[in-house]
Amino acid sequence: MTTAEVERETGGAGFRREIRDWLEANCPPEMRDGASGEDAICWGGTSWVFSCEAQKIWLERCAARGLTVPTWPKAYGGAGLTRDEDKILKEEMQALGARSPLDSFGIWMLGPALLKFGCEEQKLHFLPPIARGEIRWCQGYSEPGAGSDLAGVQTHAADQGDTWLVFGQKIWTSYADKADWIFALLRTDREAKKHLGISFVLMDMRTKGISTQPIRLISGSSPFCETFFEDVEVPKHQVVGTVNRGWDVAKYLLTHEREMISNGANVMVSGRSLGAVLSESETGLSDPVLRGDAMRAEVDTLALEMTLERYKDQSEGGQGVGDASAMLKYMGTELNKQRLELVMAAEGSNALTWQDTPASSWLRTKANSIEGGTSEVMLSIISRRILNLPGYETWQNSFKQKKKSCCPRPPVVSSQNPRQSPDCVRAGCGKALRPRALAGNGRCRMGRRACPRGG
Amino acid sequence: MAAAGWAGVLVPEEADGSDMGHAAAHVLAREMGRNLTVSPFLSTAVMAATLLRQLKDPSSNGKLKEIAAGELTYALALDESAKFSPENVELTAEKRGNGYILNGKKRFVIDGCDAERILVLAKSDEGLCLFDLANTTKGLEKTPLEMIDSRDAADLVFDNVELSGDALLGAAGSGYDLLKPALEAGQAALAAETIGLSEAAFAQTTDYLKERKQFGVTIGSFQALQHRAAHLWCEIELTHSAVLNAGRILDTAPDTATLAVSVAKARATDTAQKAVQEGVQMHGGMGMTDAFDMGFYMKRARVAAEWLGDYGYHAGVVAQLRGF
């Protein structure tokens with residue numbers, strides 16, 4: 001028995017009884033169908049339309065007791081529950097089939113970041129509306145030129161004294177068209193090294209100059225948007241943490257996001273065995289190849305669940321998951337994709353239409369291994385931070401050492417050396433050349449490709 | 001090992017064991033896997049001890065005492081075909097007077113040459129029966145096998161082997177019920193040994209990636225190898241969870257451990273295959289030489305894969321229990 005299990009049986013008994021009674025008295029019957037997924041979810045926010053009165057009542061009752069964000073401190077709209085108490089709450093909600101009262105990026109991502117990096121004013125101002133489901137947040141991380149290379153963000157915030165002036169574009173901003181506020185990574189110092197010139201900034205989506213455009217995906221839905229910033233004025237106090245140290249916040253949040261995605265992927269598949277699901281298809285598991293693949297996926301799913309359990313126990317013991325979240329994200333999403341491939345194969349031609357088929361879920365899973373850091377980025381994180389293999393930069397540098405840069409430094413012009421060197425004649429390059437760098441044709445010695453100006 | 005209490009790790013305290021449980025046994029097995037320790041630990045201290053302690057009679061208690069003291073070793077004669085299938089038994093036990101006559105063959109009996117006693121499952125009119133006999137019993141022929149992992153294994157022929165009635169363990173017909181917990185304990189401990197093997201092979205491989213230079217750089221700086229190594233680490237991590245889970249369930253709820261044990265053995269088998277194959281490939285030509293340990297890991301992993309059920313056997317158990 002783990003410590004948590006003992007706790008559940010003994011010390012947690014009083015709390016379990018209390019929470020069970022409260023749920024029994026307060027969870028509306030319509031909210032007890034155990035439903036999850038896109039149709040059942042309550043995102044909240046000013047533009048939210050409740051699916052029914054019960055959804056609204058359920059949210060209000062939970063929010064009043066701090067149960068939308070059970071582990072947050074009471075001062076910020078939470079219930080101040082310990083991890084063990086939270087686990088009991090989750091178990092009791094599951095036992096009752098209670099729906100989650102509220103889900104949002106504010107709860108999953110911004111909240112944890114504010115709790116760790118925000119100042120007291122920011123916590124008091126922003127956290128309670130998230131807990132009550134009044135303000136819906138979206139995440140402005142990726143840009144057309146900064147996907148896997150997230151620290152390459154270029155959306156610029158120019159210092160204007162009391163405000164920032166923001167200009168640029170974000171992409172893959174989930175539900176930006178429905179969100180009230182955005183938390184974004186902006187470049188506040190163009191001169192600093194790329195990780196050290198980024199700030200984590202909060203913006204009201206109604207601010208003049210912000211516009212959004214949904215992107216239609218292969219699965220038929222449009223959860224992601226492009227978001228444009230054209231000279232948007234943002235008060236300076238809306239920076240979270242230290243200016244230019246937004247990467248620390250971003251990294252912390254990405255760890256959360258990875259755990260969320262791997263948990264999400266796991267929730268989608270766990271509970272029911274793949275074999276049971278596939279056996280219900282018209283032709284069942286009669287194909288031996290499909291059956292073999294499904295058996296392998298089932299073994300792997302169980303091993304992944306055991307790993308999630310183990311990591312949970314570890315983090316309860318004070319050991320964080322840390323970089324291993326990259327592993328959970330990678331293995332969870334790859335497995336989820338594989339499982340949906342098997343579901344499609346088992347359903348055969350029955351799955352090839354849009355109505356009531358797994359087709360859109362199947363297509364949606366393809367994003368799992370891209371969003372929140374691609375599988376390849378996860379493998380690079382594991383390789384570098386866990387296995388301590390040399391980083392990509394080391395590999396790059398080994399080549400740089402051999403090839404000198406295209407245009408040598410301009411010559412030092414002094415009284416002893418008054419002669420001005422000629423410039424590189426390659427179109428658009430034009431750098432002054434040291435005499436020994438001349439290759440005889442008036443161009444610098446490096447090949448076309450190496451010339452940073454594309455000469 | 002006996003002096004350190006390892007031989008008695010699953011022996012009850014009243015039989016002078018330390019009775020520390022399966023999770024503790026797995027810690028030992030894992031370390032033995034890391035350095036490829038040759039030992040009768042699994043056959044004797046894990047499987048025979050788990051089997052005998054169910055009987056709770058003076059004779060078994062005496063044997064358990066000897067196991068804990070490191071004075072008695074066991075081998076389990078299980079397979080009759082090239083694949084593990086413990087319930088399909090052709091070896092016969094014919095009742096004669098108070099005793100039995102055994103006829104038939106067993107193959108791939110690990111520790112079959114050196115173990116002092118043999119546990120064997122036989123088919124009788126009363127159902128499957130489990131017998132415990134000395135390896136010197138008349139009529140028992142042993143053919144040593146020259147194994148790829150250089151360990152002790154033998155083919156056994158039972159030619160009119162006469163056993164007295166007290167060689168029968170438990171009630172007649174209850175042989176497989178007695179054997180099953182021992183098999184599960186062995187499968188889980190073998191999974192633990194195998195995860196240790198995978199970890200060691202992987203550690204040697206990543207060390208080599210950091211040290212071997214080609215094209216003027218360490219080969220570990222190539223992304224093609226980094227991602228394969230990182231993937232392998234993920235596989236090992238998942239398998240490690242499965243092994244820890246099996247140990248925990250064997251200690252807390254052994255009657256429900258079948259699924260956990262089969263997930264662990266299947267995963268451990270599969271992960272070890274991947275770890276040693278990548279290990280040899282990433283070591284390049286050096287991986288093919290006997291000067292590096294990688295080949296020894298590969299050969300042990302192959303034997304461990306087949307012993308007590310391969311990937312397909314255990315994936316099949318999982319599938320059956322999960323409603324396929």
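Quick note on labels: first sequence line is chain A, next is B, and so on, each numbered from 1.
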Seminar exercise, completed: Rounded to the nearest 0.5 Å, the CE atom of A/Met378 sits from the NE2 atom of B/His227 at a distance of 10.0 Å
For this session: With the side chain counted from C-beta on, respond yes when B/Glu237 and A/Met331 share a heavy-atom pair under 4.5 Å apart, and no when they do not.
Result: no
For this session: Count the heavy atoms belonging to other residues, nucleotides or ligands that lie under 6.0 Å from CD of B/Gln281, then report whether that count exceeds 12.
Result: no
Seminar exercise, completed: Among A/Leu285, A/Ile386, A/Leu278, A/Val277, the residue with the most heavy-atom pairs under 4.5 Å to chain B is A/Ile386
Exercise. Is it the side chain or the backbone of B/Ile249 that comes within 4.5 Å of chain A heavy atoms, both, or neither?
Worked result: neither
For this session: Check each atom of A/Leu387 against the heavy atoms of chain B and say whether the ones under 4.5 Å are side chain, backbone, both or neither.
Result: both
Exercise. Tell me, do A/Met306 and B/Leu244 make a side-chain contact under 4.5 Å, heavy atoms counted?
Worked result: no
Exercise. Quick one: what part of A/Glu376 sits under 4.5 Å from any heavy atom of chain B, side chain, backbone, both or neither?
Worked result: both
Problem set entry | Residue part contacting chain B, namely of A/Ser380, when any heavy atom lies under 4.5 Å | both
Exercise. Hey, are the side chains of A/Leu389 and B/Leu225 touching, using non-hydrogen atoms and a 4.5 Å cut-off?
Worked result: no
Exercise. Among A/Ala276, A/Gly275, A/Ser375, which residue forms the greatest number of heavy-atom pairs with chain B at distances under 4.5 Å?
Worked result: A/Gly275
Exercise. Between A/Ile381 and chain B, which part of the residue has a heavy atom less than 4.5 Å away: side chain, backbone, both or neither?
Worked result: neither
Exercise. Nearest 0.5 Å, what's the CZ-OG distance between B/Phe324 and A/Ser273?
Worked result: 5.5 Å
For this session: Using heavy atoms and a sub-4.5 Å threshold, report which of residues 288-298 of chain A line up against chain B, by residue number.
Result: A/Arg291, A/Ala294, A/Met295, A/Arg296, A/Glu298
Exercise. Top residue by heavy-atom pair count (under 4.5 Å) with chain B, among A/Ile382, A/Asn388, A/Thr307?
Worked result: A/Thr307
Exercise. In this structure, are over 12 heavy atoms from other groups packed under 6.0 Å from A/Asp356 atom CG?
Worked result: no
Exercise. Between A/Val299 and B/His314, is a side chain to side chain contact (heavy atoms under 4.5 Å, CB included) present by the stated rule, with each step listed?
Worked result: CA-CA 9 Å; A/Val299 169; B/His314 288 287; over 6 Å; no
For this session: For each of B/Ala253, B/Ala203, B/Cys234, B/Ala260, tally heavy-atom pairs with chain A at distances under 4.5 Å, and name the one with the top tally.
Result: B/Cys234
Seminar exercise, completed: In this structure, NE2 of B/His231 is separated from CD of A/Glu334 (nearest 0.5 Å) by 9.0 Å
For this session: For B/Asn245 and A/Arg310, run side chain to side chain contact (heavy atoms under 4.5 Å, CB included): C-alpha distance rounded to whole Å, both residues' side-chain angles, the deciding distance at 0.1 Å, then the answer.
Result: CA-CA 8 Å; B/Asn245 183 62; A/Arg310 168 157 77 99; over 6 Å; no
Exercise. With side chains defined as the heavy atoms from C-beta onward, is the minimum distance between A/Leu379 and B/Arg228 less than 4.5 Å?
Worked result: no
Exercise. Say you draw a straight line from CG of A/Leu302 to OG of B/Ser262; how long is it, rounded to the nearest 0.5 Å?
Worked result: 11.0 Å
Exercise. Residues in ring pair (Phe, Tyr, Trp, His ring centres under 6.0 Å) with B/His283, at least two apart?
Worked result: B/Tyr208, B/Phe292
Seminar exercise, completed: When the 4.5 angstrom heavy-atom criterion is applied to B/Asp270 and chain A, the contacting part is side chain
Exercise. Are more than 12 heavy atoms from other residues, nucleotides or ligands located less than 6.0 Å from atom CE of B/Met20?
Worked result: no
Exercise. Looking at B/Ala230 and A/Ser383, what are the two nearest heavy atoms and their distance?
Worked result: CB-N, 4.1 Å
Exercise. Any donor-acceptor pair under 3.5 Å linking the side chain of B/Gln226 with the backbone of A/Pro390?
Worked result: yes
Seminar exercise, completed: Nearest heavy-atom approach of A/Ala303 to B/Val263 is N-CG1, 4.3 Å
